Amino acid sequence: MNIDLHCHTNVSDGVLTPNQLIDLAIDRGVDVLSITDHDTLGAYSIIDAVPPHLQLIPGIEFSSQWRKQGVHIVGLNIRADSKIIIDTTIRLNYLREQRAIKIGEKLKKVGIHNAYENAKRIAAGGTITRQHFSTFLVKNGNAKNQSDVFKRYLVNNKPGYASVSWPSLKDTISYINAAGGVPVIAHPLRYKLTATKLRNLIKDFKELGGKALEVVTGHNQQSEIELASNYAKRYDMAASVGSDFHNGNTTWSQLGRLAKLPDGVKPVWELW
Ligand code: AMP
Ligand code: MN
Ligand code: MN
Ligand code: MN
């Protein structure tokens with residue numbers, strides 16, 4: 001089975017439309033797909049028709065906060081018409097808009113004009129993210145590539161950073177559970193936490209009703225897959241698999257081209 005439970009469309013910061021993404025998934029032979037845009041379910045009301053051999057699992061990637069650390073929590077197999085989820089996406093998109101305005105003001109102070117307007121234009125009506133600022137700043141010649149632009153402008157203590165009070169981990173998990181979904185810690189190794197902190201995050205997550213860790217993500221090495229899988233086993237969490245595909249330009253996050261889950265972990269799809 002080809003399973004990919006984490007990817008983005010242009011309803012957030014991916015480049016493909018929801019229907020183009022579905023076509024790509026079909027081309028790649030994906031059997032089970034979840035579109036998990038940042039803080040929005042918008043893609044699901046745009047998709048036309050899905051052939052019966054492609055199982056589409058409603059999902060979302062929520063921005064959340066654990067202690068002072070921003071974390072991403074994927075909600076899989078949620079009821080997409082859940083009021084609590086819809087209300088939360090509206091609130092989060094408002095927070096994103098306010099943050100984007102602040103980022104624009106901050107960049108103006110270092111001589112970069114109209115960043116908000118340009119990011120907004122690139123987002124084209126979708127959920128606005130730092131990715132859209134990053135695309136503008138690269139085009140504008142302020143940095144040579146995406147990772148450079150994040151490092152120089154868009155992270156804490158840099159001139160284009162504005163903080164957001166995302167919902168707590170506790171609240172995020174409760175929204176997903178209330179919608180009948182499975183809460184999953186997205187890309188657990190990407191937060192660059194110390195081993196102790198990562199263990200604490202997983203313990204808290206589990207205690208609050210979290211169910212799974214993303215064990216295979218687009219660009220991780222076999223050693224990272226083993227490490228994440230050991231955490232899943234140790235804390236009795238299910239394991240998810242998702243490319244975090246955003247666009248076709250990167251070699252490390254291709255839709256439907258993922259390593260297999262290691263033996264001995266419980267696949268997240270057994271929970272639905
Ligand atoms: P946001 O959710 O608005 O804070 O934006 C986060 C998004 O920006 C992530 O989902 C990635 O798509 C992208 N992103 C974050 N950090 C980096 C980075 N260091 N390099 C490239 N893209 C990044
Ligand atoms: Mn993204
Ligand atoms: Mn993420
Ligand atoms: Mn993602």
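Just so we're clear, the structure is a prediction, and the values are computed from it rather than from any experiment. Remember, it's 1-based here, ligands and their atoms both numbered in the order they're listed. Heavy atoms only: backbone and side chains are in, while hydrogens, waters and symmetry mates are out.
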Verify whether one side chain among [X] and [Y] offers a donor that lies under 3.5 Å from an acceptor in the other.
| X | Y | answer |
| --- | --- | --- |
| Q131 | H246 | no |
| D39 | T89 | no |
| T9 | D37 | yes |

*So do the side chains of L56 and Y44 get within less than 4.5 Å of each other, counting heavy atoms only?*
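Yes - at least one pair of side-chain heavy atoms lies under 4.5 Å apart.
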*asked:* Are L16 and F245 packed together at the side-chain level, in the sense that at least one heavy-atom pair is separated by less than 4.5 angstrom?
replied: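 Heavy-atom side-chain distance check passes, below 4.5 Å.
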*Out of curiosity, L24 CG to D4 CG, how far, rounded to the nearest 0.5 Å?*
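Going from CG on L24 over to CG on D4, the span is 9.5 Å.
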*Between CG on residue L255 and CG on residue D244, distance to nearest 0.5 Å*: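 Reported value, rounded in 0.5 Å steps: 11.0 Å.
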Distance check below 2.8 Å: does [X] bring an N, O or S atom to the Mn ion (ligand 3)?
| X | answer |
| --- | --- |
| H72 | yes |
| D244 | no |
| H38 | no |

*When you check the gap from the basic side-chain N to the acidic O, do D148 and R152 get nearer than 4.0 Å?*
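Counted as a salt bridge, because a side-chain N and a carboxylate O are separated by less than 4.0 Å.
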_Considering only N, O or S atoms of D13, the one closest to the Mn ion (ligand 2)_ =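 Going through the N, O and S atoms of D13 one by one, OD2 ends up nearest to the Mn ion (ligand 2).
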*Looking at the Mn ion (ligand 2), which N/O/S atom of H246 is the nearest one?*
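Of all N, O or S atoms in H246, the Mn ion (ligand 2) lies closest to NE2.
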*asked:* Please output the residues near ligand 1 using a strict heavy-atom distance under 4.0 Å, listed in chain and residue-number order.
replied: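 Answer by chain and number: D13, H38, R96, R99, T129, R130, Q131, S147, F150, H246.
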*For S240 and E214, what are the C-alpha separation, side-chain angles and deciding distance, and is it a side-chain contact (heavy atoms from CB on, under 4.5 Å)?*
CA-CA 4 Å; S240 188; E214 242 173 35; 4.2 Å; yes
*May I have the angle between H187 NE2 and E61 OE2 with its vertex at the Mn ion (ligand 3), rounded to 10°?*
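Angle NE2(H187)-the Mn ion (ligand 3)-OE2(E61): 100°, rounded to 10°.
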